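Following: one structure in structure tokens, then a few remarks.
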Amino acid sequence: MKPAVILYKKLPDDLYARLAEQCDVTEISDLSPENQQEHAAVFRQAEGLLGSGGKVNGELLAKMPNLRVCSSVSVGYDNFDVDALNQRNVVLMHTPTVLTETVADTMMALVLSTARRVPELDAWVKAGNWQKSIGPAQFGIDVHHKTLGILGMGRIGMALAQRAHFGFGMKILYNARREHEEAQSRFGAQRCELEALLKQSDFVCISLPLTEETHHLIGAAELELMKPDAVLINAGRGPVVDEKALIAALQAGKLHAAGLDVFEQEPVSADSPLLSLPNVVTLPHIGSATHETRYGMMQDAVENLIAALGGSVEKNCVNPQALK
Ligand SMILES: NC(=O)C1=CN([C@@H]2O[C@H](COP(=O)(O)OP(=O)(O)OC[C@H]3O[C@@H](n4cnc5c(N)ncnc54)[C@H](OP(=O)(O)O)[C@@H]3O)[C@@H](O)[C@H]2O)C=CC1
Ligand SMILES: O=CC(=O)O
């Protein structure tokens, strides 16, 4: 008998067919309490869960006594209670690697668009304001040969460093819990304490996971340490930055700009002051959102689920020790 699986993300037809070949699939729109109630019998039976977004915690696990594998269409897994999964011997699969280069491209796009004020000046031209040669009021700041500080020198941090170092001649600083020798040998990257990185960097780029340690890692005191013409880029998770403190710093003119792909609350509220600050570039959490990469993530998630249900967790598993 095929294992029962709940799918809470729309898949392309070919990937759905691949999943259905191996599993007995029930498709739902999301993990909302309404869906949990309406499909309670399916939740009770399911051995696998595949999708993205929504909280997977002890409360949900209690409704899924047969669950063995969660497969997330994301690399970040802060929405999963990994301790609860471990206690229940449920393995968690995710999609690192396939999205790394695309997310680094997004971060570089935020670096360039904040520094050179691309969205702001695009809107200015389209509003008919370009009547004569532009002056200092429309100038930006250079990117090339500046200092880029990376918080979280993992897969995405490394791919960003590669672009910044080889493409833009930038000096690379990073803060991480351990030494990354490859970053030193390939990009001459220097590991430094958070305080030193914030004081020295022209661009501070966050590619950190959200954990208890990284929650509000960047608050008022940290923003105060940054150079007055520095730029903060966050493509890790919104709550790594204290958004109220960031808004206050931007409103007080303490930073050149901010580029944000992630927010404390997503979707960001329409009345957030961040949306009316001209020097803030906002994106709707699109780090990995290209056709090619999103397809690759879904394909990996399907294969990860099939492999893990079959007992194989060599690749892309967050907690292989949970496998009984
Ligand atoms: N905006 C978007 O669409 C996307 C966002 N993301 C986010 O990016 C994150 C990173 O992804 P990825 O690079 O693949 O993950 P990795 O695990 O490869 O990298 C994360 C890095 O952060 C370091 N780190 C963790 N905690 C701390 C800490 N307290 N202080 C300093 N460094 C720390 C890690 O360990 P160490 O310190 O040992 O080096 C590691 O080097 C994801 O978890 C996700 O939240 C990912 C994809 C898309
Ligand atoms: O935010 C996206 C992810 O893959 O994590």
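Keep in mind that this is a model prediction, so the values were computed, not measured. Indexing begins at 1, ligand by ligand and atom by atom, following the structure's order.
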Q. Judging by distance only, is a nitrogen or oxygen of Val73 under 3.5 angstrom from one on ligand 2?
A.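 It does not: no N or O of Val73 is found under 3.5 Å from an N or O of ligand 2.
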(Q) For the 3.5 Å polar cut-off, considering only N or O atoms, please tell me whether Arg237 and ligand 2 meet it. (A)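 N/O-N/O distance under 3.5 Å: yes.
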Can you pull out the closest protein heavy atom to [atom]? Residue, atom name and distance to 0.1 Å, please.
atom                    : answer
atom 19 (O) of ligand 1 : Gly154 CA, 3.2 Å
atom 7 (C) of ligand 1  : Gly236 O, 3.4 Å
atom 13 (O) of ligand 1 : Ile156 N, 2.9 Å
atom 48 (C) of ligand 1 : Val103 CG2, 3.5 Å
atom 38 (O) of ligand 1 : Arg178 NE, 3.0 Å
atom 39 (O) of ligand 1 : His180 NE2, 2.6 Å
atom 4 (O) of ligand 2  : Val75 N, 2.8 Å
atom 37 (O) of ligand 1 : Arg177 N, 2.6 Å
atom 44 (C) of ligand 1 : Arg237 NH1, 3.6 Å

(Q) Would Glu179 and Tyr174 count as a side chain to side chain contact (heavy atoms under 4.5 Å, CB included) here? Give the steps. (A) CA-CA 9 Å; Glu179 194 80 39; Tyr174 71 95; 3.7 Å; yes
Should you measure from each heavy atom of [X], which atoms of ligand 1 turn up under 4.0 Å away?
X      : answer
His285 : 1 (N), 2 (C), 3 (O)
Ser207 : 9 (C), 10 (C)
Val75  : 14 (O), 46 (C), 47 (C)
Ser288 : 3 (O)

So between [options], whose heavy atom ends up nearest [atom]?
atom                    : options                        : value
atom 6 (N) of ligand 1  : Pro209, Gly76, Ala235, Ala183  : Ala235
atom 24 (N) of ligand 1 : Leu208, Asn234, Leu217         : Leu208
atom 22 (O) of ligand 1 : Ala159, Ala176, Gly238, Gly152 : Gly152
atom 15 (O) of ligand 1 : Met153, Glu213, Arg155         : Arg155
atom 5 (O) of ligand 2  : Gly76, Ser52, Ser72            : Gly76

Please state whether [X] comes within less than 4.0 angstrom of ligand 1, counting heavy atoms only.
X      : result
Val262 : yes
Met158 : no
Asp261 : yes
Pro96  : no

Q) When you check the gap from the basic side-chain N to the acidic O, do Arg163 and Asp105 get nearer than 4.0 Å? A) yes
Q) Would you call Glu303 and Arg18 a salt bridge, taking side-chain N to carboxylate O under 4.0 Å as the test? A)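 Salt bridge present between Glu303 and Arg18.
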**Q.** Pair Thr282-Val268, side chain to side chain contact (heavy atoms under 4.5 Å, CB included): steps then yes or no
**A.** CA-CA 9 Å; Thr282 53; Val268 65; 6.0 Å; no
Q.
Under a 4.0 angstrom heavy-atom cut-off, which atoms of ligand 2 come close to His285?
A. 1 (O), 2 (C)
Q: Check ligand 2 against Leu99 and write out every atom of the ligand that is under 4.0 Å from a heavy-atom position of the residue.
A: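 Atoms satisfying the 4.0 Å criterion: 4 (O).
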Q. Going through the distances and angles, do His216 and Glu222 end up as a side-chain hydrogen bond (donor to acceptor under 3.5 Å, both in side chains)?
A. CA-CA 10 Å; His216 282 192; Glu222 289 71 29; over 6 Å; no
Taking C-beta and beyond as the side chain, do [X] and [Y] meet within less than 4.5 Å on heavy atoms?
X      : Y      : value
Tyr16  : Leu7   : yes
Val240 : Leu151 : no
His256 : Asn279 : no
Lys254 : Met226 : no
Lys2   : Gln22  : no
Ser207 : Leu160 : no

Q | Residue portion contacting ligand 1 (non-hydrogen atoms closer than 4.0 Å) for Ser74 | A | neither
Q) Considering only heavy atoms, does Thr214 approach ligand 1 within less than 4.0 Å through its side chain, its backbone, both, or neither? A) side chain
Q) When clusters are formed by joining ILVMFWY residues with side-chain heavy atoms under 4.5 Å apart, either directly or through shared neighbours, do Ile218 and Ile233 land in the same one? A) no
Q: Tell me whether Val111 is reachable from Leu260 by hopping between hydrophobic residues (I, L, V, M, F, W, Y) whose side-chain heavy atoms are closer than 4.5 Å.
A: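 Leu260 and Val111: separate clusters.
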Q: Kindly indicate, with the supporting measurements, whether the criterion side chain to side chain contact (heavy atoms under 4.5 Å, CB included) is fulfilled by Met158 and Phe187.
A: CA-CA 9 Å; Met158 288 288 285; Phe187 321 122; 3.8 Å; yes
Q) Looking at Val313 and Pro320, what are the two nearest heavy atoms and their distance? A)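 Closest approach of Val313 to Pro320: CG2-CB, 3.9 Å.
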(Q) Any nitrogen or oxygen of Thr100, side chain or backbone, less than 3.5 Å from one on ligand 1? (A) no
(Q) Please check whether Ile286 reaches ligand 1 - meaning an N/O of the residue sits under 3.5 Å from an N/O of the ligand, judged on distance alone. (A) no
Q | Derivation of the side-chain hydrogen bond (donor to acceptor under 3.5 Å, both in side chains) call for Thr95 and Asn304 | A | CA-CA 8 Å; Thr95 61; Asn304 289 340; over 6 Å; no
Q: Could you check Val5 against Leu309 for side chain to side chain contact (heavy atoms under 4.5 Å, CB included), going step by step and ending with a plain yes or no?
A: CA-CA 10 Å; Val5 159; Leu309 284 170; 3.9 Å; yes
